[in-house]
There are 2 protein chains.
Amino acid sequence: MTAQRRGLGTNQEAVRRHNLGTVLRHVHGAGQVSRAELTALMGLNRSTIADLVLELESLGVVEQTVPVGVRSGAGRPSAGVRLAEVGPYVVAVDLGVDRAVVARVALGGDVVERATAPIPSGGGEAWQVGSTVAGLIRRVVEAAPSSAPLLGVGISVPGLVRRSDGLVRLAPNLDWQDVSFGAIVLAALGVDVPVQLANDADLGALAEHRRGAGVGVDDLIYISGNVGVGAGVITGGVRLEGAGGYAGEVGHLPFAPEGRLCHCGNVGCWETEVGAHAIAKAIGCPESDVVTLGDVLDEYAGSPRELGATGKALGYGLASIVNAFNPRLVVLGGYLSSLYALVRHEVDAALAERALPAPLESVTLSLPGLGSDSVLLGAAEIALEPLFADPVAALGTALVDVGARLAG
Amino acid sequence: MTAQRRGLGTNQEAVRRHNLGTVLRHVHGAGQVSRAELTALMGLNRSTIADLVLELESLGVVEQTVPVGVRSGAGRPSAGVRLAEVGPYVVAVDLGVDRAVVARVALGGDVVERATAPIPSGGGEAWQVGSTVAGLIRRVVEAAPSSAPLLGVGISVPGLVRRSDGLVRLAPNLDWQDVSFGAIVLAALGVDVPVQLANDADLGALAEHRRGAGVGVDDLIYISGNVGVGAGVITGGVRLEGAGGYAGEVGHLPFAPEGRLCHCGNVGCWETEVGAHAIAKAIGCPESDVVTLGDVLDEYAGSPRELGATGKALGYGLASIVNAFNPRLVVLGGYLSSLYALVRHEVDAALAERALPAPLESVTLSLPGLGSDSVLLGAAEIALEPLFADPVAALGTALVDVGARLAG
DNA sequence: GGAAATTTGTTGTTCGGATGGACGAAAGGC
DNA sequence: GCCTTTCGTCCATCCGAACAACAAATTTCC
C-alpha cells in the first residue's frame, strides 16, 4: 500500500486494488516479467499471481507470452507478462522556458510520438501557451489506435505548483503567477481528462528514480538546471512534496551574503552563482542563448578556469543539499549535466570539503540516465500514477477513441 | 499500510496486522475512543471493528468500557475502548549532553516514572554512560507490575545515528564516534530487548507530530537547540530519514562565509550563529552554563538588543529550511524555544524577508506542545513502533517479569 | 409519558480473495 | 531416456471483511 490515507483500515477491495496495481507497476518498470518472478517479487502465491495477471489481461493492459528470455536453472520455464500491444497511454508535456515538448507515452515508458513547438521568450500569455500545447497534444494523439485508452495528461512546469489543485503559483521564467494551466489546456482541447501538474525538478527526480540513473535507489535528488535551479527529492521511495507541494526550492538557499541581487528579491541566493544567467556571464555567452545554455556548454571550448568558481559554487551548494536531505544519489539535470562534465573535479572537491562525513560517504553524483528526457518522462509517470493506485477505476474513466474526439 | 516494503503484495495476514495496528494506533493517540468512532475513522464495518477490538482485548492491550463521554446525537451510545490498566510499556532514554533522562512510558504516552542522572562534561566513555543509563532503567522499571510486558527501549542521541543498525556515527558534544551505544546499554542491563536509537531532533519531531503541537499536521519540522542545532523532519506524515538516517543536519548549512570557524571544520555554519556557544557569547554567559542555555535564557534580563542579531540569524536560517522542506509547522525545541520567546519579532521578520512567498504563506512557527519532554516522548514512540506494525508479534517477543530479570 | 426514530452491539451468514495441495507440463542434467 | 526441478492449472480450503437481521440503548417528538 504505497500511499494509502493513513489511519484507515484495509478492506478486501483495497487489497485487490493494491495487488493489481503492484503487478502492473512491476510490468511497467521491467517491461517484461515472468509470472515466476512476480511471485518472488511480491511474495504472493503462484495461484494469486495467475489470477491477478488474468484480470489485467482481461482489462487489456497486459498480455501473456510464451516462455521466453534468459533461463536460469532447470524446471519448466515461466510464462512472460508484458504490456499489451495496444494498451493505455498518457500524454506528457514538458513545458520549458523556450519550448514545449509533448509526447505520447505508452504504459512502459516508451515515447511513441513526440512534437515540439517554441514558446515566445518571456512566456507569453498562458492561454496562448495552452493553445500551443493543445495543438501539440492533438498532433501526438492523432495516430494513436482508436481503441487505446488515454489515461490522462501530465504536465511539467518550471515553477512552483500547488499540489492540492495544480495551480501554477509562480513560474518566473514564464512570467506567470497563479495560472490554472491545467484548466487552460483542457479548455483548449475541449475534452475532460485527468490532468496532473508538477514541478519540473520533482518530475525529473521521479523519472530518474523509476527508469533512469536512480533505479533501485530510494533516496535521490534531481537538480534541475533550467535557467533557474530547483531540486526534486525522492526520499524513502516517495516524492517529498511538503505542505503545499513546494519542497525542494534550493535555488534560493543563501549562498553569498555579499553577492548579487536575485530576482526573488534577496541577495546572494545560490541561483545567482549557478543559475543560467550567472554561468552565461562567466563564459561570455550572449543573453539570448541563456535558455539553451546546455547546448552552449556542450560545445564550450573556452578555458575551464572561467568555470572554476561556478563549479566550486555548485559543489558547495550540493554539500548543503547533501547535509539537509542525505540522499544516496544526486542527479544533475538540465544544463548542470553539461556543466558537471566540464568541472567535475571542482564540484566533487567542493562537495567533499563542505559536506559532513556521514552523509558524504554514501552519496554519488551522476548524470541523468534518461538524458534530456527525464522531465518529460516524469510527466508521463505522474499521469500514470492513478493507474497503479487503482487499475480498474483508472481504466474505467479513461478516454477512448481519442483521435476522433479531439479532431472536432 | 504505513510503511510496508514497496513492491510487495498484500496477503491476508498483512491486512489483519495492519488493521490491528491501526486500531491500536488510534487508541494510543486518542487515549479513549468509541468503537463507533473507530468504524468512522478506519472505514471498516462495525463487525470488523468489534472483532479487532476483541482480539486486542484478549491480547491484554486494550479494555472496553461502558459507554461514556460526550454524546453527540440520538442512538445507542457506543462502547469505549481504552488502554489496559496494566498494559505494555516501553523505556525511553533522552541522552543529553549534560544529563540522561530515563522514563517508563505506558502505551498511550504517559510518563509513569522518571529518573535522571548527570553525565560528566565531555561525555565520558560510552561504557560509563551506558552503565549510568542501565542503572536508571533498572530504577524506573523496578515498580512496574510484573505482568506488564516491556516492549523495548528507545534512545535519543544528540548526534548522527545510522538507521540501519543504530550505530552512533558522531556525537560531537559527547565526543563519541562510531559507538554502538544500544549494544552497550543492553550489555550493562544483561537482558535482550529490542532497542531503537535515533537522533534527538528526529524524535522531537515525531513526538510533536503524534502528541504535541503538530497533531494533525503532516509536514512539520522540529528544530532542536541542544548545544548543536539539528532538524527533525516529518513529511507526508512520515519521518524523513535519508539514505543513512542523517537527514536534517541543518546546523551546518552555510550561513556566513566570512564567519567563525565551526567544529565541523568549515567556516560560517549556521550553528556558529545560533548554536549555544554563539548565543552564550552574545549574552556574556559563562562557558560552563552553555549546556543549560535554555534555563539561562528563560531568566534572561539583559537587553534584547544583544540577541537581535541572533534572532535575525535564526530567522534567515529558518527561511532556508522553509524553502527546502516546505513545512506547515516549525517547532522550535530546546533552548531555541526560550530564544524565540525573547526575539520572536526579529525571527518572524527575518523569516518573512528571506522565504519564498508560496511556502511562507502556509508555515507557522511554534513552541513545543510537549515542553521539554518532546525528545523523551519521541524516544518512547520509536520504541512503540513495532507494536503498531504488528501487535501480535511485538507482544509475543516482549519481555515479562522485567523487574525480577533486571534485579539479578 | 409513550411511541417513533436513530444509532450501536451481536450473531449468523455470505463472499471475496489469498492459500495450499494435487497433478500434469516443460524444461535441464545425467 | 529417465530423474529432478520448476511452473501452470484446477480444484478445495480458509481467513477475514462485509452484510443482514434483530436486539438494545438512547434521543426526539408528539
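What's counted below: heavy atoms across the whole structure, side chains too, no hydrogens, waters or symmetry copies. Naming convention: chains lettered A, B, ... in sequence-line order (proteins, then strands); numbering from 1 in each chain.
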Ignoring hydrogens and angles, tell me if any N or O in the side chain of H28(B) forms a donor-acceptor pair with the backbone of L107(B) under 3.5 Å.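 No; judged by distance alone, with no hydrogens or angles, the pair does not exist.
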- Query: Short question: side chain of N45(B), backbone of S47(B) - any donor-acceptor pair under 3.5 Å?
  - Reply: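 Looks like yes, one N/O pair under 3.5 Å.
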Next on the checklist: At a heavy-atom distance below 4.0 Å, what parts of residues 387-395 of chain A sit against DNA chain D?
Outcome noted: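 Contacting residues: none.
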- Message: Are more than 12 heavy atoms, taken from residues, nucleotides or ligands other than E57(A), located less than 6.0 Å from that residue's CD atom?
- Response: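 Yes - once you tally the heavy atoms of other residues, nucleotides and ligands closer than 6.0 Å, there are more than 12.
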Minimum side-chain heavy-atom gap [X]-[Y] below 4.5 Å:
X: V90(B); Y: V153(B); answer: no
X: Q64(B); Y: R35(B); answer: yes
X: L52(A); Y: L54(A); answer: no
X: I49(B); Y: M42(B); answer: yes
X: V233(A); Y: R239(A); answer: no

Just how far, in rounded Å, is [atom2] of [N] from [atom1] of [X]?
X: N45(B); N: dT7(C); atom1: CG; atom2: C1'; answer: 14 Å
X: E37(A); N: dG8(D); atom1: CD; atom2: C1'; answer: 16 Å
X: L20(B); N: dC15(D); atom1: CG; atom2: P; answer: 15 Å
X: R16(A); N: dT19(C); atom1: CZ; atom2: P; answer: 11 Å
X: L54(B); N: dG16(D); atom1: CG; atom2: P; answer: 13 Å
X: L44(A); N: dG20(C); atom1: CG; atom2: C1'; answer: 14 Å
X: I49(A); N: dG20(C); atom1: CD1; atom2: P; answer: 13 Å
X: R17(B); N: dA18(C); atom1: CZ; atom2: P; answer: 15 Å

5′-ward residue of the pair G43(A)/S34(B) relative to DNA chain C
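Nearer the 5' end of the strand: S34(B).
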Going by an N to O cut-off under 4.0 Å, is there a salt bridge joining R16(A) and D51(A)?
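Here R16(A) pairs with D51(A) in a salt bridge, since their nearest N and O are under 4.0 Å apart.
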Next on the checklist: Under a 4.0 Å threshold between the charged nitrogen and the carboxylate oxygen, would E385(A) count as salt-bridged to R210(A)?
Outcome noted: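 Salt bridge between R210(A) and E385(A), a charged N being under 4.0 Å from a carboxylate O: yes.
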Mind checking if N11(B) touches a base, just sugar-phosphate, or nothing, with heavy atoms under 4.0 Å?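 It contacts sugar-phosphate atoms only.
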Under 4.0 Å, counting only non-hydrogen atoms across every strand here, what does D51(A) touch: a base, just sugar-phosphate, or nothing?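 If one applies the 4.0 Å heavy-atom cut-off, D51(A) turns out to touch nothing in the nucleic acid.
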When you get a sec, tell me which of [options] is the closest nucleotide to the side chain of [X]?
X: N19(A); options: dA27(C), dA18(C), dT26(D); value: dA18(C)
X: A74(A); options: dT6(C), dT8(C), dG28(C); value: dG28(C)
X: V15(B); options: dA17(D), dA27(C), dC7(D); value: dA17(D)

Atom pairs, protein N/O to nucleotides 10-12 of chain C N/O, distance under 3.5 Å:
| from | atom 1 | to | atom 2 | distance (Å) |
| --- | --- | --- | --- | --- |
| dT10(C) | OP2 | R35(B) | NH1 | 3.1 |
| dT10(C) | OP2 | R35(B) | NH2 | 3.0 |

| request: Respond yes when some side-chain nitrogen or oxygen of S78(A) is under 4.0 Å from OP1 or OP2 of dC7(D), and no when none is. | output: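 Answer is no, no contact under 4.0 Å.
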Could you say whether Q12(A) or T39(A) is positioned toward the 5' end of DNA chain D, judged by the nucleotide with the nearest heavy atom to each?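 Closest to the 5' end, via its nearest nucleotide, is T39(A).
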Checklist entry - For the residue pair D219(A) and G236(A), what are the closest heavy atoms and their distance? => result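 Taking D219(A) first and G236(A) second, the nearest heavy atoms are OD1-N, 3.0 Å.
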Q. Using rotation axes that map the C1' atoms of four end pairs onto the next four (five pairs an end), what angle separates the end axes of the helix from dG1(C)-dC30(D) to dC30(C)-dG1(D), to 10°?
A.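 One end's axis against the other's: 20°.
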Have H18(A) and E13(A) got a donor and an acceptor in their side chains that come within less than 3.5 Å?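 There is no such pair between these side chains.
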